[in-house]
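Proteins come first, then strands; the chains are lettered A, B, ... in the order of their sequence lines, and each starts at number 1.
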Amino acid sequence: MLKDKVIDLFKDAIAKAIEAGELGKLEKVPSQFELDKCKNPDHGDRAISVAMKLAREAKMAPIKIAETIVKHLDYKQIGSVTVVPPGFINIIFDWDFLEANFVEIHSMKDSFGKLDKSQRSKNKILIEYVSANPTGNLHLGHGRQAVLGSALASLLEWAGYDVFSEFYINDAGVQIDKLSVSAKAAIQIQEAVISKEQYPDDAYPFESMIEILKPEIYQGILSEKLQGKIDYKNLDEKLAGEIAKNLFIELQTKVLQDIEVVFDNWFSEKENLHQAENNKVLEICGILEKNGNLYEQEGALWFKAKHFGDERDRVIQKSQGVYTYLAADIAYHKNKYDRGFDKLINIWGGDHHGQEPGIRGAIKAINYDPDRLELIFIQMVSLQKNGVEVKMSKRKGDIVNVDELMEEVGKDALRFFIVDSQANNRMVFDLELAKKQDKDNPVYYIQYAHARAASILRNLSSKRINIESSKEEKAIISESGLKQLLEQDFCSAKSILGRAFNDEEQEEKIDSDQLQTIRTLILELIDFPEAVLDAAEIRAPYKISVYLKNIASLFHQFYNENRVIGVSEELMQARLSIAVASKIVIANALNLLGISAPEKM
RNA sequence: GCGCCCGUAGCUCAGCUGGAUAGAGCAACUGCCUUCUAAGCAGUGGGUCAAUGGUUCGAAUCCAUUCGGGCGUGCCA
C-alpha cells in the first residue's frame, strides 16, 4: 500500500534523527501516524502532521521537528517535500512513484483491493445477521440488516479476514406455537372448515399467512405427509406450523438471494440447541447453576445479570417451566465460541440494544471472553416519496416487505442506498430518487462511469464509420493489440504517465487543472486498498460507497477533459491506462458491495 | 426517571483516534452536445457544525451540562 511505503520512510527518518540526537527529548519512533490527504491541492498530494504531535514529547517547536525529519528523509524515493508552518510536511509524489503504485491496479485487476490474508492473525470471524423469525416475510428493517450485513461480510473478506456468515433460525418456543395456531386457522378458513371470523386475534396476520399457505401448496404437502387422508376439521396444529415454518424459511431464503444475500449456514435453534438427548439449553443452565449464577424466585429461575453489569437480573426459565429467549441465546453464543472463531459479530436491530448487557453478562458468567463479541445495531428505515414520509401499511398496499421494495427499485439501487447509510443513523429510503435514471441517482452515476470507461475500450477496437465519407475504417487498435496493452504493457510500463503528462515537448497542451484532475484520480484509485482496510476496521461499508461516489465524479471529470480516441499514440495510451484502471477499481468496489457493474447502459 | 443512538447548508448526508479557508449530492440560477454514452461536465449563491462551558498552540471532532428527536427499559422475541 502506498501509505505504508510513505510512513515507513518517515519512520526511518525519525529513527535516524533520534539516533543523531536531533529530536530533543524524543526517545522512540511513534508506532503509528496518519498520512493525510490534502484538502487544498496547492499544498501537495499528501501531508503528515506528525511533527506537531511529537512537539510536546520532544519539547521542541513543531516546525523544527519537521525540518529535522525532512533532513533525514530519503524523499527522493517518493518525490519532494516541503515544510510549512506550524509544522506540516507536505508531499508531492513524482510520476515514477505514482506509476509504481498505479501499475498494481493493472497487474492485479479484479483482485486489486483484496488485502493479504497472511498479514492477519486472529482472523476467523463469524458474522450473524438477519435471523428473522420464520413466522413471516422479511420487512424493510430485515432488508437493511441483510444488506448491511452482507456488505460487511464481503468487506471483511476483502480485508483478508476468514468470514463465516450465519442466519439463526428461531424455530423453537412460543412464536412457533403461535405460528402453528395461525397456520392451522389459515388453512381451515381456506378449506371452509371454519369461518373467517374465527381466526384467532392473537395470531399472525391472516394476510401474511395466506401469502405462503396457498391451497395448491399446502394441499400437496399435506396429501403427501398424510398419504392423502387429510382431515381439515381435525388438522394437526404442529404439522400446520411445521409446513408454514418451512415455507417461510423458503420464502426468506429466496428474497435474500434476490438481493444477493447468501449465508454459509442457517443455524436451527431447534435442531442444534433443543435436541432431547443433547439439550444445550439445559447444559447452559447447568453451567450457570454450577458457577452460582442462578437463583429461584417466585417460581422462576433467574440469572444474576446485574452482577455482570446489567441493570437488573434476567429470567432464564419462567415459572411455567418454559425457557426464555435469553436461555437459548446464551447456549447459541457458547456454541459460537466453541466453534473456534476469533471474533463474533452480531448485527441486531436497534430496538434490541437492551439485550446487550444480558448476553455480555452471561458470556462473562460462563467464563468466555466478551470482548470477542461485537454487536452492531442497525436503526430503523422509513420510506419517503417526493419528500413525504410513506406510512407503511400493508392494508393500503404500500411497500412493507423487502421483495416489494426490490421489485419497485431493483436490486442495485436497493443495495446501494442501504449500503450508503450508516448503521447507527436512522435511514430514510427515497423511493423516487432510487428509481431515477440520471446523475441525481448515485447508483446510476457510478454505474454510468463504469459503462463509459467500457465504451472507450469498445470503440477503440471496433470498426468505425467515417462521418464525412460514410466509409468504414479499421479499428484504432486491433483486438489483439488491445489485449496486449491490457495484459502486458499496462502492467509493466512504468513511464507511460510520466512521458505523456510530464514531458514539456508534448504537442498537446495539458493545463494545470487537467493535470490536477489526473493526479487526484490516480491517487484515489491507488488508495482503494487503503479504503478497504479503513472501512473494514470500523465495520463501515458506507465508506466504500462514499469512495465510489468520489471516484465516479473524478472519472466523469477526467472523461470530459481527456479524450482517449483521436490523440497522439503516447497520450492515448496514458489516458487509456487511466480509464482502464478506473474501470477496474469501480468494478471491484461495486462487486464488493454486491452491485453490478454494467459494460453498457 | 434511567440506558443506548442521533442532532453539520432549505433537504439527504460526508468529515468525528483533534490539524491548514467545514465538504458532496439534491433543490435554485448560468454556461457546455459536428469529436470515446449530455444517464455527463463546468460555474454562482447558500453554514452561530443544536446550545453553553471546559481541555488544547489548535475543537464540528475530546470532556461536562442543557435542549431537541428516536429506540429500549416484560416470567415477549
Return yes if a side-chain donor-acceptor contact under 3.5 Å exists between [X] and [Y], otherwise no.
X: A:R144; Y: A:S421; result: yes
X: A:E561; Y: A:T517; result: yes
X: A:K178; Y: A:N133; result: no

### Query
Hey, is A:F88 stacking on B:A20? Ring centres under 5.5 Å, planes under 30°.
yes
Whole-Å [atom1] distance, [N] and [M]:
N: B:C33; M: B:A38; atom1: P; answer: 12 Å
N: B:C71; M: B:C11; atom1: C1'; answer: 24 Å
N: B:G18; M: B:U61; atom1: P; answer: 12 Å
N: B:A14; M: B:C57; atom1: C1'; answer: 28 Å
N: B:U73; M: B:U66; atom1: C1'; answer: 23 Å
N: B:A42; M: B:C4; atom1: C1'; answer: 46 Å
N: B:G45; M: B:G31; atom1: C1'; answer: 16 Å
N: B:G53; M: B:A59; atom1: C1'; answer: 13 Å

### Task
Check whether any side-chain heavy atom of A:F416 sits under 4.5 Å from a side-chain heavy atom of A:I446, and report yes or no.
yes
### Query
Do the non-hydrogen side-chain atoms of A:F248 and A:L179 ever get within less than 4.5 Å of each other?
yes
Using atom [atom1] of [X] as one end and atom [atom2] of [N] as the other, report the distance to the nearest whole Å.
X: A:Y444; N: B:C26; atom1: OH; atom2: P; value: 17 Å
X: A:K436; N: B:G25; atom1: NZ; atom2: C1'; value: 11 Å
X: A:L571; N: B:C36; atom1: CG; atom2: C1'; value: 14 Å
X: A:L35; N: B:U17; atom1: CG; atom2: P; value: 16 Å
X: A:E599; N: B:C36; atom1: CD; atom2: C1'; value: 15 Å

### A:Q379, nearest nucleotide to its side chain (from B:G19, B:C57, B:C5)
B:C5
### Message
What I want to check is whether an N or O donor and acceptor connect the side chain of A:N90 with the base of B:A20 at under 3.5 Å.
### Response
yes
### Summary
Taking for A:V564 and for A:M380 the nucleotide of RNA chain B with the nearest heavy atom, the one nearer the 5' end belongs to A:V564
Check the interface with nucleotides 12-16 of chain B: list each N/O to N/O pair with the protein under 3.5 Å, or write none.
| residue | atom | partner | partner atom | Å |
| --- | --- | --- | --- | --- |
| B:A14 | OP1 | A:Q422 | NE2 | 2.6 |
| B:A14 | OP1 | A:N425 | ND2 | 3.4 |
| B:G15 | OP1 | A:Y542 | OH | 2.7 |
| B:G15 | OP1 | A:K543 | NZ | 3.1 |

### Task
Find the runs of at least 3 consecutive base pairs, i with j, i+1 with j-1 and so on, that include RNA chain B, using Watson-Crick or G-U wobble geometry with both distances under 3.5 Å.
B:1-7 with B:67-73, B:10-13 with B:23-26, B:28-32 with B:40-44, B:50-54 with B:62-66
### Among A:D45, A:D527, A:T520, the one residue meeting side-chain hydrogen bond (donor to acceptor under 3.5 Å, both in side chains) with A:K37
A:D527
### Query
Would you say A:R46's side chain and A:K3's backbone share a donor-acceptor pair under 3.5 angstrom?
no
### Query
Mind telling me whether B:C33 is syn or anti, cutoff 90° either side of 0?
syn
### Distance below 4.0 Å between A:R452 side-chain N/O and B:A38 OP1 or OP2
yes
#### Entry: Cationic tip of A:K304 above A:Y295 ring, under 6.0 Å, 45° of axis
no
#### Entry: CD/A:Q297: more than 12 non-hydrogen atoms of other groups inside 6.0 Å
yes
### Task
Using a cut-off of 6.0 Å, state whether more than 12 heavy atoms not belonging to A:K435 lie near its atom NZ.
yes
### Message
What does the B/S/- profile of nucleotides 72-77 of chain B look like, 5' to 3', with a 4.0 Å heavy-atom cutoff to protein?
### Response
SSSBSB
